[in-house]
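Side chains included, hydrogens not; waters and symmetry mates left out as well; all remaining heavy atoms used. Whatever order the structure lists them in is the order used to number ligands and atoms, beginning at 1. Remember, predicted model here, so these are calculated numbers, not experimental data. Start at 1 with the first residue, then count along the sequence.
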Amino acid sequence: MRNAARGASIMDMVDLPARFADRYPKELSGGQRLRVAIARALVMNPDLIVGDKPTSALDVSVQSQILNLMMDLKRELGPTHVFILGNLSVVEHLVDQVAAMYLGRVVELGGAAQVFAAPRHPYTRALLDPALTVAPGQGLPDIGLGAAFPNPLAIPPGCPFQPRCPRAFDLCSRVRPHPADVAFGGAARHLAEEPLKGAA
Ligand code: SF4
């Protein structure tokens, strides 16, 4: 009975009607199934919830409902959420702190407002450049990263981003930026400063 009451309480938290308790997954929509997944995570009173692209399979309208639900739950219950997201407009509105990753490594870490207003790493800057234009016939804009797409099984020496970096110089292919440079509020960018200083 205690477990049933707890289950009902969690279902209420994720806005699932009590009558759904006996339904099979095939009887639920994608959004409802995601609410069940969130409820299952919440039942153990976690300190941390990790969501790997949690809404990517949903319609945009359902995505916003689920993301709003997660933010409401965060405010009410306090668990920290770690979201792995590719949709930058969602990232900007959803999170307090951002870690930009390239080839499995964090290249920039900071407050969301700061990173979106003034990205410091060349990859973060490229990510935040407009990806599409509404102008007919304009196609994809050139964001300056070239076409040297990375192979995660053959990570280049030095800075992993150097084959695509518009600011790379000779040292970048030999020396990897120190991870400590990515401490909160920073970016793996110390080498990136050199060409600018040289050009000044
Ligand atoms: S270390 Fe060099 S290649 Fe890497 S991001 Fe900085 S400037 Fe670009």
Side-chain angles (χ1 to χ4, degrees), residues 47-57 60 63-64 67 70-71 74 79-200:
D47 293 326
L48 174 72
I49 296 178
V50 178
D52 188 353
K53 301 188 178 73
T55 60
S56 58
V60 172
Q63 279 187 24
S64 62
L67 294 171
M70 295 188 78
M71 296 321 293
K74 179 187 166 191
T80 298
H81 293 72
V82 175
F83 289 117
I84 301 164
L85 296 166
N87 185 330
L88 294 177
S89 59
V90 172
V91 174
E92 185 173 14
H93 292 102
L94 190 63
V95 306
D96 304 317
Q97 296 167 12
V98 175
M101 297 186 71
Y102 186 77
L103 285 180
R105 292 172 173 81
V106 175
V107 296
E108 181 160 358
L109 187 63
Q114 173 237 308
V115 169
F116 275 81
R120 300 169 78 178
H121 190 277
Y123 182 59
T124 319
R125 285 181 204 161
L127 283 177
L128 294 176
D129 274 349
L132 292 171
T133 172
V134 293
Q138 291 296 303
L140 292 174
D142 180 4
I143 55 174
L145 296 189
F149 294 109
N151 178 356
L153 299 178
I155 294 178
C159 173
F161 190 52
Q162 50 90 8
R164 307 179 73 192
C165 181
R167 294 167 67 182
F169 63 115
D170 58 347
L171 201 57
C172 300
S173 61
R174 291 183 280 113
V175 179
R176 176 167 294 182
H178 197 282
D181 291 338
V182 192
F184 192 80
R189 64 177 183 92
H190 62 294
L191 299 177
E193 298 304 300
E194 300 302 326
L196 293 183
K197 285 178 189 165

Ligand 1 atoms in contact with [X] (distance to a heavy atom under 4.0 Å):
X    : value
A168 : 3 (S)
P177 : 1 (S)
Q162 : 3 (S)

H121 heavy atom under 4.0 Å from ligand 1
yes
So, using side chain to side chain contact (heavy atoms under 4.5 Å, CB included) as the criterion, who are the partners of A118 when residues are at least two apart?
none
Holding to side chain to side chain contact (heavy atoms under 4.5 Å, CB included), I want the full list of residues that pass it with D47, two or more places apart in sequence or in another chain.
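Counting only residues at least two positions away or on another chain, D47 forms no side chain to side chain contact (heavy atoms under 4.5 Å, CB included).
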Measure across A100 and T124 and return the closest heavy-atom pair with its distance rounded to 0.1 Å.
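Between these two residues, the closest heavy atoms are CB-OG1, 3.7 Å.
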How close do P163 and P160 get, heavy atom to heavy atom, and via which atoms?
CD-O, 3.5 Å
If the cut-off is 2.8 Å, does any N/O/S atom of C165 fall short of it from atom 4 (Fe) of ligand 1?
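False for C165.
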N/O/S atom of C172 inside 2.8 Å of atom 2 (Fe) of ligand 1, strictly under
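True for C172.
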Ring-ring centroid check H121 F161, cutoff 6.0 Å:
yes
